[in-house]
Structure formats: structure tokens, C-alpha cells
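Just so you know, these numbers come straight off a predicted model, no measurement behind them.
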Amino acid sequence: MAHDAPQATGPSKLVIRNIGLLLSGALEKPILDADTIVAENGKITAIGRLKDVDTEGATTIVDAMGTTVAPGLIDSHVHPVAGDWTPRQNQINWIDSYLHGGVTTMISAGEVHMPGRPRDVVGVKAMAIFAQRAFWTLRPGGVKVHAGAPVIECEMVEDDFKEMAAAGVKLLGEVGLGGVKDGPTARKMVGWARKYGIQSTIHTGGPSIPGSGLIDKDVVLEADTDVVGHINGGHTALPDDQIRCICEGCKRGLELVHNGNERSALFTLRTAREMGDLHRVILGTDAPAGSGVQPLGILRMVSLLSSLGELPAELAFCLATGNTARMRELDCGLIEVGRSADFVLMDKAQHSPGKNILESVQLGDLPGIGMTIIDGIVRTQRSRNTPPAGKVPEIVAK
């Protein structure tokens, strides 16, 4: 499962029944009153009570055993390179390992760790198109990796963005990791990207890798990217007054990452809540990085923000699912009819003092994952990375 994951070869119908708690991924209604999900050919077709939905003809039936079902987690900030290998830590199967942490979708913030990464315009475009094509074809463990995120250089012109968009590139790597580090140039190129449907992210804070530099509030606000990448630093965060200025000075996405400053993440969360802008907060790991690979990084962020940020756990999970899906214009991340059937089934960890999964997360514990499902296909069962869950779902018919 670490390479090309199997896809459905014919019509499929998944039924997940006996759900104890259904998390929607949507801030406006984070918990749904339902115990059954039906998905056909990889898309959700029904959500409700078992007696009220059509389960006839199911090709796979999962008994959730009273556990929690949530949308598959989304990591908004990763740095893939080639397949399921990262040269940053010379590690293989890192994406498959993330799947065991509940992550079913990843967004590239730039393939910056590619050995010999080209800086010339032709090389930048070629590498972006290659990465987009490669990860569109390859699904490590079934995980959806949205890649092909070029790091912009000063010599690029509008036609370069038009050409990349026509070839399928939909993302920019972190602005500031290449030659473009000033506000006016960044704003011009971000505008070109936006014109052709390419979403942008900016590096925020102190330098992270050789060639990067300080990107402060003035550059962030002038560049006006769609997402303020790791606003809590990657690793080095801006001062609190600059973080607040960014939060108040734009209406773009506020990305909090595992490999950043935890205190600054909590400060950003509080600021966004005070402003009534919790919907802008999304989560990533910013890995692989110098600090390693974190398969449980998104779960750890959910637990951190819930326990120390005093955010109800059902809302914290929305930051890692529905918020990111809406910000990134994805068809997953929400339990809604028509969305991709990407799920994580989990329960409170064994011996957690919490009475249920939500209370255990609010106490700072990680849940135990019992199953992941992508496009209506069971990809993993009991996680090899999380603490063992109190209850584990079962496949009862296939």
C-alpha cells in the first residue's frame, strides 16, 4: 500500500453503520445526528439513520462499533519530492505513515527539498509540471497528494503562469523560498497566479532553509497570497504584534503548523476567535523538515489547540478538515452528500481519563485510529502509529 493503491474496478457501494459520533468537519454544525453513511463509487450518497437510508447492494459494510467517524484529515502544508521518499530525512513510506495518522489528503507547499532543485525559469516550470503529473498518477497508500507547487523566481513573467496553469499546475510553493522576497514583486506574481486559477501560499517568519529569509508582516500583507503559510513560524515566528497585524490586515487563510512555534499558534487561534474568523484557520505539519516527519502531526495540532487553546474538540477537528477543504477548494473534508468518501474512524485511546473521544482530546490526548477510508475503499485498519483505540471498527461484509 506504500505505492500505487488499488482503485475500485467496478461499481462499489460502502455502508458504514453503527456510528457512535459523526463529526461533519463544518464549523456551523460540527456534529451530525446520524449513525450511517452510504457512499457509492467513491462519493457520499446518504447520511442518516440506518432505518432511513438505502443499504441494499452494499459491496462493503463497515461496523463502526460505536466509534467516531470524521472526514479524512487534510495536511495543508507538506514538502513532497519523489513518490513516498523524502531526501530531507532520507525516509521512505512517510506518506503511508501519515495515513496511519488519519491524513487522507496533502497539499504541497513546494517540492523544495528536491536535490539540485532548479532555479532557472524553464527548470522551475518543468519540475512543477512533473510533480503535478507524478502525484496525480501515484497515490501512496491511497493518499491524495496535491503537488506541483513551483517556488517563484524573479525572472518569471505572466506567460509562465499561464503555461503552468494550462498544464495542470494549481498551486504555488511558498513565496519567499526562492528569489522573490519583496512585496511588490510577490504581489505581481501572485496576481498572475490568481488570474490563471493557481492558489498561493507565502512563507511567514524567519528563514527555514538555506536561500530563504525573513518574511515579515509588510511583505505578507503586500503579497496578498491566498494562504498565510505557517503564520506561527516555520520554525521562527514573527512577534505577536505582527501576527495580530496580519490577522487584522487581510482576510486570507491563517495556517498553523506542527513544525512551528506552539505559543504563536495559540496566540493566532485566540486572535482569530476574537475576530470571529475561526473559519480562516487551517492546519498543516510543514514536513518533512529538519525536525523530521510527523505522522501524527495533524492529530497533535488538533489536540494542542483543543486542550491548551480551549477550543471544543469537535471544532478543532474542523480546522483539519472542512476549513482546509473550503479554503483549498477540495471535494473532501466534509461529511456531505456528493463529497469524496474519505473518512477516519477513531475512538478515545485506551486508558485515557476522558469519558469520550471529545473529552479525551480536550484533555490533550490523541485518539486511537481504527480505520481509514479513501474514495470509499478501506485503506488501513488499526493504526500502527496511534495509541490503541478503546473500540475498533470491523469490516463485516465485502
Side-chain angles (χ1 to χ4, degrees), residues 3-5 7 25 42-43 71-86 94-96 98-99 101-114 124-125 127-152 161 164-175 177 190 193-194 196-203 225-230 252-253 255 257 282-288 293 297-298 319-334 339-342 344 372 374-375 379:
H3 300 290
D4 284 307
Q7 306 298 312
K43 300 291 185 182
L73 306 181
I74 305 169
D75 190 332
S76 176
H77 194 125
V78 296
H79 291 293
V81 171
D84 207 351
W85 168 72
T86 169
W94 70 276
I95 296 174
D96 185 69
Y98 268 58
L99 178 60
V103 173
T104 57
T105 298
M106 295 178 164
I107 308 295
S108 174
E111 295 76 39
V112 295
H113 303 311
M114 172 67 77
V124 168
K125 293 189 293 184
M127 196 177 88
I129 295 167
F130 163 75
Q132 187 276 330
R133 292 284 196 281
F135 281 103
W136 182 256
T137 304
L138 179 72
R139 295 273 299 276
V143 176
K144 301 170 182 177
V145 183
H146 297 261
V151 176
I152 57 176
F161 294 83
M164 289 190 294
V169 172
K170 299 183 182 301
L171 300 165
L172 285 190
E174 292 178 70
V175 175
L177 294 187
V190 165
R194 191 171 287 133
Y196 295 108
I198 299 174
Q199 193 177 75
S200 55
T201 299
I202 192 166
H203 174 92
T225 55
D226 298 296
V227 174
V228 180
H230 53 59
R252 302 300 184 181
E255 184 185 73
V257 300
I282 61 179
L283 305 184
T285 55
D286 193 9
V293 173
I298 296 298
L319 311 187
T321 54
N323 275 18
T324 311
R326 287 168 171 167
M327 187 71 62
R328 297 292 194 175
E329 299 179 351
L330 305 174
D331 73 346
C332 55
L334 292 158
R339 294 267 179 175
S340 289
D342 300 348
V344 56
T372 59
I374 303 177
D375 291 332
R379 305 294 180 166

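Contact check for T105 versus H146: side-chain heavy atoms found under the 4.5 Å cut-off. F130 is not listed as a side-chain neighbour of R133, based on a closest heavy-atom distance of 4.5 Å or more. When side chains are defined from C-beta on, I129 counts as touching V169, because their heavy atoms get closer than 4.5 Å. Within the 4.5 Å cutoff, no side-chain heavy atoms of V143 are placed close to those of Y98. The side-chain heavy atoms of Q199 and L172, taken from C-beta on, include no pair separated by under 4.5 Å. Between R194 and S200, some side-chain heavy-atom pair lies under the 4.5 Å cut-off.
In the model, H79 has no side-chain atom that pairs as donor or acceptor with a side-chain atom of E111 under 3.5 Å. A donor-acceptor pair shorter than 3.5 Å cannot be found between the side chains of R252 and T225. With 3.5 Å as the limit, one finds no donor-acceptor pair spanning the side chains of T201 and E174.
In this structure, R379 CZ and L99 CG are separated by 8.5 Å, a value rounded to the nearest 0.5 Å. We find the CZ-OG1 distance between R326 and T321 to be 9.0 Å, quoted to the nearest 0.5 Å. A distance of 12.5 Å separates CG in N323 from CD in E255, rounded to the nearest 0.5 Å. Interatomic distance, L330 CG to S76 OG, rounded to the nearest 0.5 Å: 9.0 Å.
Heavy atoms only, all atoms of each residue included: C332 and S340 are closest at CB-CB, 4.2 Å. Summarising the geometry of A147 relative to S108, their closest heavy-atom pair is CA-CB, 3.7 Å, with the distance given to 0.1 Å. Scanning both residues, V124 and P150, for their nearest heavy atoms gives CG1-CB, 3.7 Å. Summarising the geometry of V293 relative to P288, their closest heavy-atom pair is CG2-CB, 3.8 Å, with the distance given to 0.1 Å. Of all the heavy atoms in T372 and G102, the pair that sits closest is CG2-CA, 4.2 Å. Considering all non-hydrogen atoms of both residues, A167 and Q132 come closest at O-OE1, 3.7 Å.
Using a 4.0 Å cut-off between charged side-chain N and carboxylate O, R139 and D375 make a salt bridge. A salt bridge links D342 with K144: the distance from a Lys NZ or Arg NE/NH1/NH2 to an Asp or Glu carboxylate oxygen falls below 4.0 Å.
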One pair to check against side chain to side chain contact (heavy atoms under 4.5 Å, CB included): V175 and I152. What are the steps and the verdict?
CA-CA 7 Å; V175 175; I152 57 176; 4.0 Å; yes
For the pair I95 and F135, evaluate side chain to side chain contact (heavy atoms under 4.5 Å, CB included) and give the outcome as yes or no after the intermediate values.
CA-CA 12 Å; I95 296 174; F135 281 103; 4.2 Å; yes
Let's go through T104 and V344 carefully: what are the C-alpha distance in whole Å and the side-chain angles of both, what is the deciding distance for side chain to side chain contact (heavy atoms under 4.5 Å, CB included) to 0.1 Å, and is it a yes or a no?
CA-CA 8 Å; T104 57; V344 56; 5.8 Å; no
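With D331 contributing its side chain and R339 its backbone, the two residues share no donor-acceptor pair below 3.5 Å. A donor-acceptor distance shorter than 3.5 angstrom exists from the side chain of D84 to the backbone of D96, with no hydrogens or angles considered.
Within 6.0 Å of NZ in K170 there are 12 or fewer heavy atoms belonging to other residues, nucleotides or ligands. Other residues, nucleotides and ligands contribute over 12 non-hydrogen atoms within 6.0 Å of the OH atom of Y196.
Between H203 and H230, the ring planes are perpendicular. Angles over 60° get that label, and only those under 30° would be called parallel.
Under the side-chain contact (heavy atoms from CB on, under 4.5 Å) rule, M327 has a single partner from I74, I282, D226, I107, which is I282.
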